[in-house]
J.: 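Input: one structure, supplied below.
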Amino acid sequence: MELIDGKALARVIREEVRQGVEKLQSEHDIVPGLAVILVGNDPASHAYVKMKAKACKEVGFYSIVHEMPETISQDEIVATIEMMNANPRIDGILVQLPLPPHIDTTRILEVIDPAKDVDGFHPYNVGRLATDLDGFAPCTPLGVMRMFEEYGIDVQGKDVCVVGASNIVGKPMAALLLNANATVTVTHIYTRDLAAHTSRADIVIVGVGVPGLIKADMIKEGAVVIDIGINRLDDGRIVGDVDFDAVAPKCNYITPVPGGVGPMTIAMLLSNTLKAARNRAERK
Ligand code: NAD
């Protein structure tokens, strides 16, 4: 069994991005810029945004955070995004989710200029991903694909079971895998016999939010298991969706939580923002 070290790989990607920023600056006089919009007081969202801002600083990005109160109107968020769309120093715009219930999230995501949509949530980029065209793909599944590359795990022709079918994790994960010629099964809360699907897969990728959902008897010997879940237990521990201690001995490769997919997400956000800035350089 080999552990996939997302923390170490994320460090490598961040260093690559830092060097990319230096090059872009010296050759084109462009500094990549990321704008983050944070609405409300959700502690997890605040923690994520803080980590993103710190990561931006480390690689040499220009970054700004627009903090807005829980009670802000939809029109005011739209106006801020439109301002960022027009700001020539901003290459990437990210709206931290979830938004408060009175805000129409779909409408907000559709206001972002697709060329600055570094989270890859705009329907334009979702469509480009579905048709295997260049664009922005969501950071978490993109990070998983990068893990496969780095560890020499070839997905072509493999049976891959994706557990969880959300717009930000499961669905784009399935699209990326399909584009890489894997045979993909997507499962979700209404799937009748989850174990029947996971136990015949060469690769199982789980992003659900249920601690211990994936047990040893649901995984075949020699499988690759990627755990995207992040769950905080009552005792404060952070765990994934996989019963790690029981499942790990059966696997060829497995990701830990924490230290697996989590750090890759921010690294890929930096990578997507650098890509957007390079596109700006090409347009100049
Ligand atoms: P979500 O609630 O939007 O979607 C959950 C999905 O899991 C749904 O498709 C649902 O049908 C499915 N599901 C729920 N219970 C199930 C069950 N018992 N069996 C099978 N499928 C089931 O959640 P999300 O935003 O996609 O996040 C999923 C998990 O991934 C969470 O733990 C979240 O914290 C984590 N996450 C991690 C990262 C990261 O950077 N590593 C990024 C995003 C989300």
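As the structure is a computational prediction, the values presented were derived from the model and not from experiment. Note that ligands are numbered from 1 as they come in the structure, with each ligand's atoms numbered from 1 the same way. Just so you know, these numbers use all the heavy atoms, side chains as well, and skip hydrogens, waters and symmetry mates.
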J.: Under 4.0 Å between a side-chain nitrogen and a carboxylate oxygen: does that hold for Glu282 and Arg278?
T.: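 No, Glu282 and Arg278 are not salt-bridged.
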
J.: With backbone taken as N, CA, C and O and side chain as the heavy atoms from C-beta onward, which portion of Ile168 lies under 4.0 Å from ligand 1: side chain, backbone, both, or neither?
T.: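 Side chain only; the backbone of Ile168 stays clear of ligand 1.
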
J.: So, Asp134 and Lys275, do they make that salt bridge, N to O below 4.0 Å?
T.: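 Yes, charged N to carboxylate O under 4.0 Å.
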
J.: One thing to verify: whether Lys54 and Glu58 come together as a salt bridge, which I'm taking to mean a side-chain N less than 4.0 angstrom from a carboxylate O.
T.: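 A salt bridge links Glu58 with Lys54.
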
J.: Given Thr140, Thr255, Thr187, identify the one with the heavy atom nearest to atom 42 (C) of ligand 1.
T.: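 Shortest heavy-atom distance from atom 42 (C) of ligand 1: Thr140.
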
J.: May I ask you to list the atoms of ligand 1 that are less than 4.0 angstrom from any heavy atom of Ala165?
T.: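 The atoms of ligand 1 under 4.0 Å from a heavy atom of Ala165 are 6 (C), 8 (C), 9 (O).
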
J.: Please confirm whether Gly207 comes under 4.0 Å of ligand 1, counting heavy atoms of the residue only.
T.: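 For ligand 1, residue contact (heavy atoms, under 4.0 Å) with Gly207 is present.
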
J.: In ligand 1, which numbered atoms sit nearer than 4.0 Å to a non-hydrogen atom of Gly164?
T.: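 Near Gly164, meaning under 4.0 Å from one of its heavy atoms, ligand 1 has 6 (C), 7 (O), 9 (O), 12 (C).
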
J.: For Gln156, check side-chain contact (heavy atoms from CB on, under 4.5 Å) against everything at least two apart and list the hits.
T.: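 In terms of side-chain contact (heavy atoms from CB on, under 4.5 Å), with neighbours along the sequence ignored, Gln156 is linked to Asp154, Asn181.
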
J.: Within a distance under 4.0 Å of any heavy atom of Gly209, pick out the atoms of ligand 1 and give their elements.
T.: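 Listed by number with element: 29 (C), 31 (C), 32 (O).
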
J.: Looking at atom 39 (C) of ligand 1, what's its closest protein heavy atom, distance included?
T.: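 Answer, as residue, atom name and distance: Thr265 OG1, 3.5 Å.
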
J.: Is there a nitrogen or oxygen of Gly229 sitting under 3.5 Å from a nitrogen or oxygen of ligand 1?
T.: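 No, since none of the N or O atoms of Gly229 sits under 3.5 Å from an N or O of ligand 1.
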
J.: Nearest protein heavy-atom contact for atom 23 (O) of ligand 1: which residue, which atom, what distance?
T.: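 Result for atom 23 (O) of ligand 1: Val208 O, 4.2 Å.
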
J.: Could you tell me which atoms of ligand 1, counted from 1 in the order shown, lie closer than 4.0 angstrom to a heavy atom of Val169?
T.: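 The list of qualifying atoms is 26 (O), 43 (C), 44 (C).
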
J.: Which is closest to atom 38 (C) of ligand 1 in terms of heavy atoms, Asn231, Leu269, Ile228?
T.: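 It is Ile228 that holds the nearest heavy atom.
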
J.: So if I count the atoms of ligand 1 from 1 in the order they appear, which ones are less than 4.0 Å from some heavy atom of His188?
T.: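 Per the distance check, 11 (O), 20 (C), 21 (N), 22 (C).
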
J.: Looking only at protein heavy atoms, identify the closest one to atom 10 (C) of ligand 1 and say how far it is in Å.
T.: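 So the nearest neighbour among protein heavy atoms is Ile189 N, 4.0 Å.
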
J.: Counting heavy atoms only, which part of Asn167 comes closer than 4.0 Å to ligand 1: side chain, backbone, both or neither?
T.: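 Near ligand 1, Asn167 shows nothing, with every heavy atom at 4.0 Å or more.
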
J.: Any Lys/Arg nitrogen of Lys215 or Asp217 sitting under 4.0 Å from an Asp/Glu carboxylate oxygen of the other?
T.: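 Result for this pair is no, no salt bridge flagged.
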
J.: My understanding is that a hydrophobic cluster links ILVMFWY residues whose side chain heavy atoms are under 4.5 Å apart, including indirect links. Using that, what else belongs to the cluster containing Ile189?
T.: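 Tyr190, listed by chain and number.
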
J.: Does any N or O atom in Leu213 lie less than 3.5 angstrom from one in ligand 1, N or O only?
T.: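 Not met; the criterion fails.
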
J.: Is there a protein heavy atom less than 4.0 Å away from atom 2 (O) of ligand 1?
T.: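 So far as the 4.0 Å threshold goes, atom 2 (O) of ligand 1 is out of reach of every protein heavy atom.
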
J.: In ligand 1, which numbered atoms sit nearer than 4.0 Å to a non-hydrogen atom of Ser166?
T.: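 What qualifies from ligand 1 is 3 (O), 4 (O), 9 (O), 24 (P), 26 (O).
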
J.: Determine whether Glu22 and Arg18 satisfy the following criterion, salt bridge (charged side-chain N to carboxylate O under 4.0 Å, His left out), listing intermediate values before the conclusion.
T.: CA-CA 6 Å; Glu22 273 181 12; Arg18 199 190 59 74; 2.8 Å; yes

J.: For atom 33 (C) of ligand 1, which protein heavy atom lies nearest, and how many Å away is it?
T.: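 So the nearest neighbour among protein heavy atoms is Ile230 N, 4.2 Å.
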
J.: Which is it for Arg107 and Glu110 under the salt bridge (charged side-chain N to carboxylate O under 4.0 Å, His left out) test, yes or no, and what are the steps along the way?
T.: CA-CA 5 Å; Arg107 163 87 183 106; Glu110 279 179 339; 5.6 Å; no

J.: Looking at side-chain heavy atoms only, is the closest gap between Cys56 and Pro32 below 4.5 Å?
T.: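 No, too far: nothing below the 4.5 Å cut-off.
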
J.: Compare every heavy atom of Val111 with every heavy atom of Asn85, then report the nearest pair and how far apart it is.
T.: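 Smallest interatomic distance, heavy atoms only, reads ND2-O, 2.9 Å.
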
J.: Roughly how far, to the nearest 0.5 Å, is the CD atom of Glu67 from the OG atom of Ser45?
T.: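 Ser45 atom OG to Glu67 atom CD measures 11.0 Å (nearest 0.5 Å).
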
